[in-house]
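Read through the structure below, which is laid out as structure tokens, and then see the notes.
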Amino acid sequence: MSLKQSAPLSVYTKRPQFGTRFLTDPRQVFQHNAWDNVEWTEEQETAAKKKVSENSQPLPTEKQEEYDSRANEYWNDFYTIHENRFFKDRHWLFTEFPELAPRCSLNHESHPGVCGTDDVQQNGLDEEQCSEAASLPHTDGDFPGSSATYRILEVGCGVGNTVFPILKTNNDPGLFVYCCDFSSTAVELVKTNPEYDPGRCFAFVHDLSDVEANYPIPSGSLDVIVLIFVLSALHPNKMQASISRLASLLKPGGVILLRDYGRYDMAQLRFKKGRCLSENFYVRGDGTRVYFFTQDELHELFVGAGLEKVQNLVDRRLQVNRGKQLTMYRVWIQCKYRVQLDR
């Protein structure tokens, strides 16, 4: 894909007011653990760019190829070590992505027409579009969840920190959730979790970057695809084909929901020399890899897959360690892109 220079953080679209804590007095910074919509100063942005530039010398080609070929091994090791202790359930899911909650199941006549938040232009389909989606024929066939009327797939599910909150919160009888991960160790941890219900969920091993590999669901059968901090683990050259393959699984009106690392996030600035694979693409100490996006890059990927924008915004947050009196600036990007109903 074409990797553009990062746009100044000051020109990013402001995040809608999902959060409620805004730092108006810098002297109060240690009063809470996190602050929303934190603006960057020019000095901060300049320092961030300098830090990235200083540590941007790429590793030799043979080392890059080694990390690519052994990616599965590194992720299996990661989940073997951490199991389910590393993550916490993502309770913010239904605020940021109301499409995952029961009230936004587009294919259910019993659900209200308004999907997501009050700002339907920003965060969901309008009432007419919901009605059109509900009238579309459903895919029939012998596959897991074939009788479901609302299907969600999470790619890169890890140990289930998105899947299990969905299953617990969304009690829609027509819901079926698919989840997959590159790591067979992670998928096994999902399947052995007491909350795993094979009647409502199907977990499987899948390599997102292998566009020739089959999914256990036919094309045009999904309502929602969830990508949370997973696309960034792919090699940048494999991202476009992977997104295009996912887009083919969506129904007309179906949507991809993404949340991932933004350019100059704290995690990027912490990388030392000798960890850069290519521009804005790094390898961690455990061998797993991570890319840091701009909004424009993600927009190009989704539009290149034939999807239309619903949302593309930056989430800048200041996290605070009150005990150590430390401040940590996070930059995440959140996107929603959908298939046109008349595709």
Side-chain angles (χ1 to χ4, degrees), residues 1 96-101 103-109 111 113-117 119-141 143 145-146 148-156 162 166 170 172 174-180 206 208 211 213-228 230-231 234 239-260 295-313 333-343:
M1 72 177 179
E96 306 287 15
F97 297 137
E99 294 85 352
L100 302 176
R103 63 196 176 113
C104 199
S105 295
L106 306 184
N107 295 321
H108 288 251
E109 293 180 2
H111 290 284
V114 178
C115 303
T117 66
D119 185 2
V120 294
Q121 179 66 31
Q122 176 92 5
N123 290 308
L125 303 177
D126 60 32
E127 186 169 356
E128 180 180 355
Q129 289 172 316
C130 284
S131 178
E132 288 184 45
S135 66
L136 292 169
H138 303 305
T139 304
D140 295 319
F143 63 94
S146 59
T149 50
Y150 196 67
R151 304 188 188 98
I152 297 172
L153 165 67
E154 187 196 7
V155 181
T162 294
I166 292 174
N170 192 335
D172 188 329
L175 173 71
F176 197 89
V177 180
Y178 308 87
C179 58
C180 64
H206 190 86
L208 173 60
V211 295
N214 290 325
Y215 285 87
I217 40 182
S219 297
S221 60
L222 294 174
D223 296 276
V224 179
I225 295 175
V226 184
L227 297 169
I228 297 181
V230 62
L231 188 62
L234 268 61
M239 291 179 183
Q240 183 64 74
S242 299
I243 291 295
S244 296
R245 178 72 179 94
L246 287 176
S248 71
L249 298 175
L250 289 170
K251 298 176 182 178
V255 63
I256 292 182
L257 309 176
L258 174 141
R259 190 171 176 86
D260 220 319
Q295 289 173 288
D296 284 346
E297 287 171 356
L298 286 167
H299 182 72
E300 287 184 7
L301 288 171
F302 288 118
V303 171
L307 303 176
E308 63 178 5
K309 183 177 78 170
V310 177
Q311 181 187 80
N312 184 327
L313 54 86
I333 296 179
Q334 184 167 300
C335 294
K336 302 180 185 184
Y337 282 76
R338 68 184 169 200
V339 180
Q340 295 184 22
L341 282 166
D342 57 356
R343 183 178 75 167

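These values consider heavy atoms only, across backbone and side chains, with no hydrogens, waters or symmetry-generated copies. Predicted, not measured: the structure shown is a model, and the values here were computed from it.
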Problem - Pair N170-V177, side-chain contact (heavy atoms from CB on, under 4.5 Å): steps then yes or no - result: CA-CA 10 Å; N170 192 335; V177 180; over 6 Å; no

Practice task
Taking atom types as modelled, find out whether R245 and S242 have a side-chain donor-acceptor pair closer than 3.5 angstrom.
Solution key: no

Closest approach of [X] to [Y] (non-hydrogen atoms, all atoms of both residues):
| X | Y | value |
| --- | --- | --- |
| A148 | G174 | CB-O, 3.3 Å |
| Y150 | D223 | CA-OD2, 3.3 Å |
| I217 | L249 | O-CD2, 4.0 Å |
| G156 | E154 | O-OE2, 3.8 Å |
| L307 | A247 | CD2-CB, 4.0 Å |

From [atom1] ([X]) to [atom2] ([Y]), nearest 0.5 Å:
| X | Y | atom1 | atom2 | answer |
| --- | --- | --- | --- | --- |
| C179 | H206 | SG | NE2 | 13.0 Å |
| Q295 | C335 | CD | SG | 7.5 Å |
| D172 | I152 | CG | CD1 | 9.0 Å |
| L301 | S244 | CG | OG | 8.5 Å |
| T162 | L100 | OG1 | CG | 8.0 Å |
| F176 | F143 | CZ | CZ | 9.0 Å |

Practice task
Would you confirm whether R151, through its side chain, and S221, through its main-chain N or O, come within 3.5 Å as a donor-acceptor pair?
Solution key: yes

For residues [X] and [Y], determine if any side-chain heavy atom of one lies less than 4.5 Å from a side-chain heavy atom of the other.
| X | Y | answer |
| --- | --- | --- |
| L257 | I225 | no |
| D260 | I333 | no |
| C180 | L153 | yes |
| Y178 | L222 | yes |

Practice task
I would like to know whether M239 and L231 meet side-chain contact (heavy atoms from CB on, under 4.5 Å); could you show each step before the answer?
Solution key: CA-CA 7 Å; M239 291 179 183; L231 188 62; 4.1 Å; yes

Practice task
Please list, chain by chain and in numerical order, all residues satisfying side-chain hydrogen bond (donor to acceptor under 3.5 Å, both in side chains) with Y337, sequence neighbours excluded.
Solution key: H299, N312

Practice task
In sequence, state the C-alpha distance, the side-chain angles, and the governing distance for V339 and K251, and then conclude on side-chain contact (heavy atoms from CB on, under 4.5 Å).
Solution key: CA-CA 7 Å; V339 180; K251 298 176 182 178; over 6 Å; no

Exercise for the section: Determine, stepwise, if the pair K336 / E99 fulfils side-chain contact (heavy atoms from CB on, under 4.5 Å). Expected result: CA-CA 10 Å; K336 302 180 185 184; E99 294 85 352; 3.1 Å; yes

